[in-house]
Amino acid sequence: MLRVRCLRGGSRGAEAAHLIGAMVGRAATGWVQRAFHSTSSAAAAQTQPTVEDDHVTEPAQQECPVSSYNEWDPLEEVIVGRAENARVPPFTVEVKANTYEKYWSFYQKYGGQPFPADHLKKAVSEIEEMCNILHHEGVNVRRPERIDWSMEYKTPDFQSSGMYAAMPRDILMVVGNEIIEAPMAWRARFFEYRAYRPLIKEYFRRGAKWTTAPKPTMADELYDQDYPIRTVEDRHKLAAQGKFVTTEHEPCFDAADFIRAGKDLFVQRSQVTNYMGIEWMRRHLAPDYNIHIISFKDPNPMHIDATFNIIGPGLVLSNPDRPCRQIDMFKKAGWTVVKPPTPLIPDDHPLWMSSKWLSMNVLMLDEKRVMVDANESTIQKMFENLGIKTIKVNIRHANSLGGGFHCWTTDVRRRGTLQSYFH
């Protein structure tokens, strides 16, 4: 394992990062040791010139490019996803379990094909404008690579085509100065990390930690092949019984099922995040961070940030349609729990992978600025009543691909320090 420490920020012990299969010892005083350092004689060294671009060298003494401990410190750099080349995932059992019956015919018709071209073109345009507004607000914006997701791939356990790199929040989580790549749970997203690797390698070379969680095989045993879905009532019963389409065959999780508040991270067991995945994260982040499992009255749990979105120190948006079963522990800790208003998005607007509650899936630029849907006037008023300035942006067509502002982004750097907000 390769252990890396930035000049600022702490260390937790044996954090793992993959570097061309190399195995090196513990790092000294927080700097990365040169990869494959030669112990041969000076004469031998002279005959084997090195190519500095291919090696990880000691970074200059500068701030780590990656540093974020919560969801609200002043945002300095962010990754924004891409809608280009996005494709509808094949209609497999794990996709069916995470989508609503009204859209099943859409998946059966378009699974493995591009999303409707006109809709996708509008989504791309909306996200470009979102990036422009972030720039205007003083945030540095980074983007993943454009990938051809139509390519079919086959592993020893399954065959699929790809999906997109639209939602970096699903696959990347920043905890302090470490980037954690989530293993994911949909077969169509198995190789999604490839779109982000150039960025992650750049951050790594500049001093960030980089960990890739254990990649699941996504064999048939990871999924309940007979998961009984017919109605919303079925989903409610199954969720209440703690039954999900993913089994405990091997660890899996999406990063978007976690939400950060300094030393405390909150996570839900969902259709894409199992207890083995949560336990892996708990052990990995211990002892510096605490992992708390919370649950909701939600028939289709997948990603926490349109159900429970922490927007400030001791301030959380809690979806009134999906009440948190452990809400009293937040109230006892002195937190303010805000119930956002009912979304205004029309019933006829397609939401192939999400619910209307993307209205609360907001991105905090700092404690007093929030990026919010330009069409959602009622939640804008709610924020204004809280003393928070609203930065209004329209991404209505981009919403159809499965996310709001929080989903479409991963904050790389926020100006702040590690603190405890939950007692």
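Heavy atoms only: backbone and side chains are in, while hydrogens, waters and symmetry mates are out.
- When side chains are defined from C-beta on, S68 counts as touching R260, because their heavy atoms get closer than 4.5 Å.
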- Please lay out, stage by stage, how I345 and E376 fare under the test side chain to side chain contact (heavy atoms under 4.5 Å, CB included). CA-CA 8 Å; I345 190 168; E376 296 285 344; 4.0 Å; yes
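- The closest donor-acceptor contact from the side chain of Y227 to the backbone of K243 lies under 3.5 Å.
- The structure places CD1 of I291 at 10.0 Å from CD of E279, a figure rounded to the nearest 0.5 Å.
- A side-chain donor-acceptor contact under 3.5 Å links R87 to the backbone of G112.
- The pair R187-D220 meets the salt-bridge criterion, since a charged nitrogen lies less than 4.0 angstrom from a carboxylate oxygen.
- A distance of 11.0 Å separates OG1 of T390 from CG of D373, quoted to the nearest 0.5 Å.
- Annotation for G402 and M353: closest pair CA-CB, 3.7 Å, computed over non-hydrogen atoms.
- Residue R197 forms a salt bridge (charged side-chain N to carboxylate O under 4.0 Å, His left out) with just one option from E145, E202, E192, E181, and that option is E181.
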- Message: Run the side chain to side chain contact (heavy atoms under 4.5 Å, CB included) test on W186 and V272 for me, step by step, so that the C-alpha distance in whole Å, both residues' side-chain angles and the decisive distance to 0.1 Å come before the verdict.
- Response: CA-CA 8 Å; W186 283 16; V272 293; 3.7 Å; yes
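- Using a 4.5 Å heavy-atom threshold, the side chains of V245 and L238 count as separate.
- A 4.5 Å side-chain heavy-atom check between L351 and Y103 finds at least one atom pair inside the cut-off.
- The main-chain N or O of Y421 is found under 3.5 Å from a side-chain atom of W335 such that the two form a donor-acceptor pair.
- Not a single salt bridge (charged side-chain N to carboxylate O under 4.0 Å, His left out) links R325 to another residue, sequence neighbours left out.
- Outside the 6.0 Å centre-distance limit, the rings of Y223 and F158 are not counted as a close aromatic pair.
- If you take OG1 on T247 and CG on D224, they are separated by 8.0 Å, rounding to the nearest 0.5 Å.
- The backbone N or O of E248 lies less than 3.5 Å from no partner atom in the side chain of N274, so there is not a single donor-acceptor pair.
- Under the 6.0 Å distance and 45° angle rule, K215 counts as a cation-pi partner of F190.
- Side-chain atoms of R269 and P301, non-hydrogen and from C-beta on, never get closer than 4.5 Å to each other.
- Proximity of S377 to L344: side-chain heavy atoms (C-beta onward) are separated by under 4.5 Å at one or more points.
- T99 contributes no side-chain N or O that, together with a main-chain N or O of W352, makes up a donor-acceptor pair within less than 3.5 Å.
- Note that CD1 of I278 is 10.0 Å distant from CE of M281, once rounded to the nearest 0.5 Å.
- Aromatic rings from F330 and F266 are positioned such that their centres are separated by under 6.0 Å.
- N70 contributes atom CG, which lies 8.5 Å from atom CG of D411 (distance to the nearest 0.5 angstrom).
- Here the side chain of N85 pairs no donor or acceptor atom with the backbone of W149 at under 3.5 angstrom.
- A donor and an acceptor atom, one from each side chain of H349 and S400, are located under 3.5 Å apart.
- At a threshold of 4.5 Å between non-hydrogen side-chain atoms, the residues I395 and I127 count as touching.
- Inspection of the T246 and Q271 side chains reveals no N or O donor paired with an N or O acceptor under 3.5 Å.
- To the nearest 0.5 Å, atoms NZ (K297) and OG1 (T307) are separated by 14.0 Å.
- Formation of a donor-acceptor pair under 3.5 Å by the E94 side chain with backbone atoms of A185 is not found in this model.
- Under the side chain to side chain contact (heavy atoms under 4.5 Å, CB included) rule, W280 has a single partner from H284, R282, R283, which is H284.
- Looking only at distances, no side-chain donor or acceptor of E77 sits under 3.5 Å from a matching main-chain atom of R142.
- Side-chain contact between P90 and S161: present, with at least one pair of heavy atoms (C-beta onward) separated by less than 4.5 Å.
- Remark: the backbone N or O of N361 is not paired with any side-chain donor or acceptor of D305 at under 3.5 angstrom.
- Considering only heavy atoms from C-beta on, W210 comes within 4.5 Å of K201 through its side chain.
- Using the six-membered ring where Trp is involved, Y164 and F115 have ring planes that are parallel, under 30° apart on the 30 and 60° scheme.
- Looking only at atom types and distance, the side chain of N394 has a donor-acceptor partner in the side chain of N375 under 3.5 Å away.
- Formation of a donor-acceptor pair under 3.5 Å by the R169 side chain with backbone atoms of A256 is not found in this model.
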- Task: Verify side chain to side chain contact (heavy atoms under 4.5 Å, CB included) between I179 and V412, making sure each step is shown before the conclusion.
- Result: CA-CA 8 Å; I179 302 175; V412 174; 5.7 Å; no
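- Cation-pi check for R414 over Y69 is not met; the charged atom does not lie both under 6.0 angstrom from the ring centroid and within 45 degrees of its normal.
- Side-chain atoms of H292 and Q326 form no donor-acceptor pair, as typed in the model, at a separation below 3.5 Å.
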- Task: Would you check, one step at a time, whether the test side chain to side chain contact (heavy atoms under 4.5 Å, CB included) holds for K389 with L365?
- Result: CA-CA 10 Å; K389 179 184 177 182; L365 305 189; over 6 Å; no
